[in-house]
Amino acid sequence: MAIAAGILTMCAVYLILSKSILRIIIGTGLLSHAAHLIVITMGGLKTGAAPVLEEGVTKYTDPLPQALVLTAIVISFGVTAFFLVLAYRAYQELGTDNIEEMKGTDTND
Amino acid sequence: MSLLHLAILLPLLASLFIPFLYKQFRSVHTGWFVLLVPLTLVIYFSQYISQTMAGETVTQSMQWIPSLGINFVAYLDGLGLLFALLITGIGTLVVLYSIYYLDAKKEALHNFYVYLLLFMTAMLGIVLSDNMIVLYMFWEMTSISSFLLIGYWYERERSRYGAQKSMLITVFGGLSMLGGISILSLLSGSFSIRESFSTLSTYSDDPLFLVALVLFLLAAFTKSAQFPFHIWLPDAMEAPTPVSAYLHSATMVKAGLYLVARMSPIFAETPLWFYLVSGVGMFTLFWGSLNAVKQVDLKAILAYSTISQLGLIMSLLGLGAAALQVEALPDSLYTIATVAAVFHLINHATFKGSLFMMAGIVDHETGTRDLRKLGGLSQLMPVTFTIAMIGTLSMAGVPPFNGFLSKEMFLTGVNQVSESGLFHLETFGFLFPLFAVVGSIFTFVYSLLIVYRTFLGPKQHDKLPKKPHEAPLGMLVSPIFLASLVILIGLFPNLLSNTLIRPAVEAILPQVLAAGGEIDVHIKLWHGFNTELLFTFIIITVGFLLFKTFPKWQSLYHRMPKSFSLNHQYDGLLRRGENVSTGIHDAVMTGYMRSYLVYIFGFIVLLVLSSLFFFDAFAFDVDPLSSISTYEIILVLVLVSSALSITFARSRLTSIILLGVAGYTVALFFVLFRAPDLALTQLVIETVSVALFLLVFYHMPEISRKEERIKFKLGNAAISILVGLSVTLVALASLSQRSFASIAKYYIDNVADLAAGGNMVNVILVDFRGFDTLFEISVLAIAGLGIYAMIHFRKTGGIDK
């Protein structure tokens with residue numbers, strides 16, 4: 001799992017470093033997937049039943065990383081959505097999706 | 001918090017009220033309120049005189065950061081008290097003087113007095129602290145307040161230049177002192193000066209001890225404007241004259257002397273100390289007086305004269321170290337240099353203070369300080385003229401003023417040490433008297449020049465910007481007071497010898513006392529015919545001859561090439577420094593987002609990998625890993641291949657779909673990991689995200705890749721592989737080792753009792769960590785508002801669509 005998360009991170013970083021803003025957004029999406037996987041594996045995998053109370057079950061999977069990741073999923077969605085609309089508006093205003101062309105124009109510094 | 005602490009902090013506390021007083025009572029000059037502070041303090045401190053005379057000291061400590069051994073220990077002994085009285089005494093006179101000097105209507109008085117009070121606290125803190133870290137803090141505070149006061153008329157270019165220069169040089173010294181403090185405290189195990197002294201013998205052989213010594217001396221030399229760091233002092237004269245009289249002649253520049261005196265018990269037995277302190281001091285005395293003669297600005301002469309006089313005191317403190325070298329000889333023999341140092345310190349404060357105030361009066365009443373325009377003022381300003389006469393004659397070392405006495409003692413000290421043969425002085429020992437006499441001759445010359453070119457000489461009142469007249473009485477009170485002190489001390493020097501000088505000398509040379517010696521201070525006006533008197537005679541004769549022939553040899557000064565001067569070097573250094581930093585800045589801050597991301601990722605990789613390597617943190621343990629099933633292998637393959645192919649995808653639709661694939665695979669993983677809530681959430685979110693991506697991509701252009709060259713891609717690939725590698729390593733390491741048990745047990749046990757719920761993840765989110773979820777919702781709300789705003793409020797930037 002750790003290796004899979006590592007490869008995911010690698011692809012995400014590669015995308016973030018590219019010039020196109022769309023690829024950067026996809027990169028952030030991938031990066032959050034990678035982070036979620038790492039956090040959830042840190043809790044230890046499949047060590048017990050799903051963390052819902054049940055009669056007769058004594059061993060549960062660690063619920064804490066799950067709670068953290070649940071929060072993270074929602075937040076990353078919010079950020080992605082915001083970023084997407086930002087890119088859309090920036091494209092409308094500036095006519096480019098190339099991040100290097102967006103830096104400080106004369107009128108819009 | 002004792003009364004002594006309160007006394008140190010009183011000016012700082014008072015400064016809080018200054019702006020309000022300034023606003024509320026515009027008709028009253030703010031200085032009258034300020035005057036109360038130093039006046040109270042001088043009365044408060046003078047009650048300690050009887051205690052220090054009896055050899056007692058006062059220690060009050062206040063806890064500050066006890067875990068680091070940093071406490072605000074106020075320690076008052078003879079030396080500290082002498083300085084405290086100087087600071088508050090001269091402070092009172094200077095504030096009184098400033099009330100008449102600074103116009104209440106035109107000047108920003110609240111700023112001025114806040115800075116001045118800040119300085120007063122800083123200075124008192126320096127001389128009354130036993131803890132070196134606290135001392136350092138106050139030391140830097142004086143640099144800052146000096147910066148603010150020099151730049152008080154900040155609209156003048158020269159003021160800003162002078163302020164910056166003094167700041168750079170003195171803060172450089174301060175930082176080196178911090179280095180010295182660190183080394184010394186490592187050696188001695190304490191930040192306390194007295195404790196470091198008591199354990200001195202255990203570490204004085206350490207090679208680092210000499211490094212600490214040099215670092216401390218750098219601080220002292222920069223602060224006290226010793227050669228070659230003296231260049232900031234003449235530029236500091238852009239400050240208002242009360243500031244020059246107070247900071248740059250009577251108190252702040254003497255902080256360096258204080259530091260040398262205070263650290264003498266620790267360092268003075270080292271020969272290097274003797275060479276550096278006395279040698280640099282002596283050369284500064286010579287160099288300062290030589291340069292003072294060529295100045296044409298009244299305050300510039302006084303600045304160079306201050307440099308030279310500080311050099312004199314510095315060299316005396318260095319020569320006094322000889323007293324510690326010879327235990328067999330009668331102890332009082334070499335202590336005379338230290339006595340002279342303390343005595344001259346007091347004398348210098350009196351005569352130089354009065355001279356600066358005189359210069360201020362001349363500036364104020366005539367509108368210029370340029371000696372080429374001044375002249376013949378003696379009849380118009382008789383009182384100022386008298387003050388100037390007393391001050392300059394005392395500075396020149398003419399009897400019966402106090403400057404004569406300390407100059408005689410200075411010559412005695414120099415002679416004694418150079419004849420002693422200590423520190424291998426047989427070979428070049430003659431240099432000390434030589435420099436001393438030459439320096440004194442030039443001191444005599446510029447002293448006469450000040451009086452002659454300002455008050456005597458040809459009248460040229462038409463060149464003056466203002467019509468000159470005598471200053472108002474209030475402005476004259478302070479200099480008259482100081483001038484009468486000059487005469488009083490000159491005639492009755494023994495008023496001071498037991499009250500102030502002896503306790504101070506005892507604090508500088510505790511070893512002499514410990515060895516059973518006694519410090520006997522007895523200053524006489526008449527010593528009989530001896531070498532010193534002969535020297536004085538030579539100084540006055542040669543000085544007078546040089547003064548008479550001054551116009552003939554004045555041009556010699558212009559022979560010195562400009563590029564050799566230290567100011568030129570300083571400016572060059574500053575310019576080069578600016579160029580280099582601009583170059584680095586331009587190279588690093590490209591303005592491209594990508595460059596910054598590369599820095600960030602690069603440092604992440606560097607930090608993570610190096611800490612894994614150096615702390616041996618990497619561990620790989622297979623045990624906690626569970627067996628891998630076929631499902632998982634398939635899922636991992638799908639996930640990895642989709643992620644990899646996004647990076648190669650050419651069309652945006654492919655990218656979106658691949659991202660969706662990756663997201664859904666993650667959701668499936670959550671199912672396998674026994675996390676049903678996560679899986680549900682992930683499925684919903686992924687669906688919405690993909691829809692949103694498609695919606696936005698509909699409006700966006702095709703991903704263009706033509707601008708990306710192969711080199712660019714390779715660089716990116718290298719960085720991303722490294723980042724991926726480090727993340728993998730960290731993830732593996734964190735899987736394989738656990739430092740402590742998970743806190744999840746608490747939640748599992750209490751979820752039914754405390755929250756009456758069955759689903760632990762849900763209970764944690766909405767109950768145990770309810771606030772976190774609330775903030776999460778707020779983040780979403782803010783993002784939603786932002787999106788709404790971006791879509792609906794367009795065209796606000798004035799750009800046509």
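Every chain is numbered from 1 and lettered A, B, ... according to where its sequence line falls, protein lines coming before strand lines.
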Decide side-chain contact (heavy atoms from CB on, under 4.5 Å) for B:Met589 and B:Tyr596; before the verdict, give the C-alpha distance in whole Å, the side-chain angles of both, and the deciding distance to 0.1 Å. CA-CA 8 Å; B:Met589 307 302 283; B:Tyr596 305 145; 4.0 Å; yes
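- How far CG of A:Leu86 is from CD1 of B:Ile787: 9.5 Å, rounded to the nearest 0.5 Å.
- Contact count versus chain A (heavy atoms, under 4.5 Å) is highest, among B:Ile719, B:Leu678, B:Asn759, for B:Leu678.
- Residues forming a side-chain hydrogen bond (donor to acceptor under 3.5 Å, both in side chains) with B:Asn762 (at least two apart in sequence, or on another chain): none.
- At a 4.5 Å heavy-atom cutoff, the contact between B:Leu644 and chain A is made by backbone and side-chain atoms alike.
- Side-chain contact check for B:Val671 versus B:Pro676: every heavy-atom pair is 4.5 Å or farther apart.
- Judged by distance alone, with hydrogens and angles left aside, the side-chain atoms of B:Arg769 form no donor-acceptor pair with the main-chain N or O of B:Ile764 at under 3.5 Å.
- Taking chain B as the reference chain and counting heavy-atom pairs below 4.5 Å, the highest number among A:Ile25, A:Leu68, A:Ile75 is found for A:Ile75.
- For chain A, the option among B:Phe670, B:Phe768, B:Phe693 with the highest count of heavy-atom pairs below 4.5 Å is B:Phe693.
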Determine whether B:Val666 and B:Leu639 satisfy the following criterion, side-chain contact (heavy atoms from CB on, under 4.5 Å), listing intermediate values before the conclusion. CA-CA 8 Å; B:Val666 170; B:Leu639 184 64; 4.1 Å; yes
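- With a 4.5 angstrom heavy-atom cutoff, A:Thr80 touches chain B only via side-chain atoms.
- Heavy-atom distances place no part of B:Val763 under 4.5 Å from chain A, backbone and side chain included.
- Ranked by heavy-atom pairs under 4.5 Å with chain B, the first of A:Leu8, A:Leu30, A:Ile73, A:Leu84 is A:Leu84.
- When the candidates A:Cys11, A:Gly78, A:Gly29 are compared by the number of heavy-atom contacts under 4.5 Å with chain B, A:Cys11 comes out ahead.
- Note that CE of B:Met760 and CG of B:Leu765 are 13.5 Å apart. Values are rounded to the nearest 0.5 Å.
- Heavy atoms closer than 4.5 Å to chain A are found in the side chain of B:Leu780, but not in its backbone.
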